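This report concerns only the one structure given below.
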Amino acid sequence: MTVTQRQHVKNARCWVIKIGSSLLTNDGKGLDVSAIQGWVQQIAKLRAQNINVVLVSSGAVAAGMTRLGWKQRPSSVHELQAAAAVGQMGLVQTYEQVFQQYDIHTAQVLVDHDDLSNRERYLNARATLKTLLNLGVIPVVNENDTVVTDEIRFGDNDTLAALVANLVEADVLVLLTDQQGLFTGDPRYKKDAVLIDEYSASDTSLDDMVSGGGNLGRGGMVTKLRAARLAARSGTQTIIVGGKIEDVITQLSQGKSIGSLLLADQQPQAARKRWLAGQLQSRGELILDDGAVRVLKQSGRSLLPVGIKSVAGLFTRGDLVICKDMNNKEVARGLVNYNYQEAEKIMGRSSGSIESLLGYRNEEEMIHRDNLVLV
């Protein structure tokens, strides 16, 4: 029942709120300070109710483009990084000044994929964010666009927001966008498209309803749906909603039925599993036979060498690899116990033969179930 699920949002004690580039930069006309003031005022109301909030803010590159007088998003990595460096200054100054009006301290947190792919740095980021929240501070999180490259990029701040939701185990992830929510089709082109009120985040029928992004941001509804599914791994509900709706955050906190609520219809995964699921960079692939796929999905057991049909990539022990079925569809990902050369020698063979094939045996599993997550 919709009312019950919206009540869950009303009772949420930890929010992650992501604001998109097109909202923050007023469609390319500079930072929309009045809009920022409106969102901050609503966030301040949440803090007054002892609700923790992490703000994931896009807009650094777009704001920098405006300051530099650029009309088109550059393709050069160094120009993008320069724009981010210039824009981040104005963005942070604006947040700091507006939040100070409500006696709320902010903290700038810049991360890249390496920060969250390394287990130790991931745990450090988690501890820092939780400490800031305990102190009543609003962390303002953004990707470190000034130094990041395509190889270590999250890809969009929707994904980053979902990973942050996993980090702090948020109750709700709010993705503020320039659309009213998720529609059954792109409302810009399909006049009969209908706003989705509530859906399971894992429902595959949603895949046909999403579309790409606009000029300023990298994200579109595709990335927002992906983010909702990633956030669901920690039991986080996701709301995709129009950022320009009057008092949008306050209305959501009151349980009002606005935007699209994507439900986390699964039990929260253990923190280590969430960390694995959030890894974006893989070092190789393992193609599994039907029996291995069935065992992983139905029994939750480890992946043994006997179930591997082929190996691709130059991975080493401890690297993340993608596990696919015979139709090349991803079914799981995990950390391998053997490098690619060893994997090629033991694939399709029983665990008992590992020592005779390699001259030693690290583990009997290619990937232990504690280091494996289904997708």
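The shown structure was predicted, so the numbers you read here are calculated from the model rather than taken from an experiment.
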* Check: R6 side chain, I258 main-chain N or O, donor-acceptor pair, under 3.5 Å -> yes
* Asked: Are Y360 and L304 co-members of a hydrophobic cluster defined by side-chain heavy atoms under 4.5 Å apart?
  -> no
* Between N339 and T316, does any side-chain donor sit less than 3.5 Å from a side-chain acceptor? -> no
* Can you find a heavy atom in the side chain of L132 that is under 4.5 Å from one in the side chain of V109? -> yes
* Contact summary for I51 and C14, nearest pair of heavy atoms -> CG2-N, 4.4 Å
* Is a side-chain N or O of D289 found less than 3.5 angstrom from the main chain of A292, in a donor-acceptor match? -> yes
* Structure fact -> In short, salt bridge (charged side-chain N to carboxylate O under 4.0 Å, His left out) pairs touching residues 314-332 with sequence neighbours left out are E285-K324, E330-R333
* Asked: Any side-chain heavy atom of L372 within less than 4.5 Å of one from H368?
  -> no
* For R369, look at atom CZ and say whether over 12 heavy atoms of other residues, nucleotides or ligands are found less than 6.0 Å away. => no
* Asked: Would you say the side chain of L133 lies within less than 4.5 Å of the side chain of V54, judging by non-hydrogen atoms?
  -> yes
* Not counting sequence neighbours, list each pair that qualifies as a salt bridge (charged side-chain N to carboxylate O under 4.0 Å, His left out) and has a residue in residues 338-357. => none
* To do: Please check if the side chain of S299 supplies one atom and the backbone of L296 the other of a donor-acceptor pair under 3.5 Å.
  => no
* Interatomic spacing from CG in L91 to CD in Q93 - rounded to 0.5 Å -> 10.0 Å
* Asked: For the residue pair G136 and I104, what are the closest heavy atoms and their distance?
  -> O-CG2, 4.3 Å
* Co-membership, hydrophobic cluster, residues M89 and W70, 4.5 Å side-chain -> no
* **Between Y95 and S57: side-chain donor-acceptor atoms closer than 3.5 Å** => yes
* **Exceeds 12 heavy-atom contacts within 6.0 angstrom, atom CZ of R47** => yes
* To do: Might you point out which heavy atoms bring L286 and V311 nearest each other, and give the distance in Å?
  => CD2-CG2, 3.9 Å
* How about R73 and M65: do any of their side-chain heavy atoms sit closer than 4.5 Å? -> yes
* **Test side chain to side chain contact (heavy atoms under 4.5 Å, CB included) applied to Y199 and L261, L206, L225, the passing residue** => L206
* With the side chain counted from C-beta on, respond yes when W15 and V9 share a heavy-atom pair under 4.5 Å apart, and no when they do not. => yes
* Asked: V172, I245: one ILVMFWY side-chain cluster at the under-4.5 Å cut-off?
  -> yes
* Among the clusters formed by ILVMFWY side chains lying less than 4.5 Å apart, do L263 and I239 turn up in the same one? -> yes
* Counting only N and O atoms by type, is there a donor-acceptor contact under 3.5 Å from the side chain of S351 to the main-chain atoms of E364? -> yes
* Using distance alone, with no hydrogens and no angle criterion, decide if S205 and D207 have a side-chain donor and acceptor under 3.5 Å apart. => no
* **NZ/NE/NH1/NH2 to OD/OE distance under 4.0 Å, R13 and E169** => no
* **CA sep, side-chain torsions, deciding dist, call: Q179, M221, side-chain contact (heavy atoms from CB on, under 4.5 Å)** => CA-CA 9 Å; Q179 298 291 324; M221 287 300 169; 3.7 Å; yes
* Do you know which two heavy atoms are closest between I308 and L288, and how far apart they sit? -> CG1-CD2, 4.1 Å
* Q237 vs H8 side-chain heavy atoms within contact, under 4.5 Å -> yes
* Within the side chain of N134, is there an N or O that forms a donor-acceptor pair under 3.5 Å with the backbone of K130? -> yes
* **Evaluation steps, side-chain contact (heavy atoms from CB on, under 4.5 Å), between V111 and Y122** => CA-CA 10 Å; V111 296; Y122 175 93; over 6 Å; no
* What distance separates E96 CD from I138 CD1, expressed to the nearest 0.5 Å? -> 11.5 Å
* Taking everything shown except E246 itself, do over 12 heavy atoms lie less than 6.0 Å from its CD? -> no
* Asked: Side chain of W39, backbone of G243: donor and acceptor closer than 3.5 Å?
  -> yes
* Asked: Any side-chain donor paired with an acceptor under 3.5 Å for D197 and S260?
  -> no
* Asked: Among the clusters formed by ILVMFWY side chains lying less than 4.5 Å apart, do I367 and I346 turn up in the same one?
  -> yes
* Asked: Between S282 and L320, is a side-chain contact (heavy atoms from CB on, under 4.5 Å) present by the stated rule, with each step listed?
  -> CA-CA 5 Å; S282 66; L320 180 87; 4.3 Å; yes
* To do: Each residue besides V92 in its hydrophobic cluster should be listed here, by chain and number; the cluster joins Ile, Leu, Val, Met, Phe, Trp and Tyr at side-chain heavy-atom distances under 4.5 Å.
  => none
* Of the options D158, T177, N157, which is the one that meets K18 in a side-chain hydrogen bond (donor to acceptor under 3.5 Å, both in side chains)? -> D158
* Asked: For the side chain of T131 and the backbone of A127, is there at least one donor-acceptor N/O pair under 3.5 Å apart?
  -> yes
* To do: Would you mind reporting whether V16 and V56 have side-chain heavy atoms less than 4.5 Å apart?
  => yes
* Shortest non-hydrogen separation from T236 to A170 and the atoms involved -> OG1-O, 2.6 Å
* Would you mind reporting whether V98 and Q41 have side-chain heavy atoms less than 4.5 Å apart? => no
* **Taking every non-hydrogen atom, the tightest pair across M366 and Y338** => CE-O, 3.6 Å
* Asked: Can you tell me if E365 uses its side chain to pair, donor with acceptor, with the backbone of S302 under 3.5 Å?
  -> no
* Donor-acceptor contact below 3.5 Å, side chain R229 vs main chain A201 -> yes
* Asked: Would you call K10-D171 a salt bridge at under 4.0 Å N-O?
  -> no
* To do: Would you check if the side chain of Q42 reaches a backbone N or O of G38 as a donor-acceptor pair within less than 3.5 Å?
  => yes
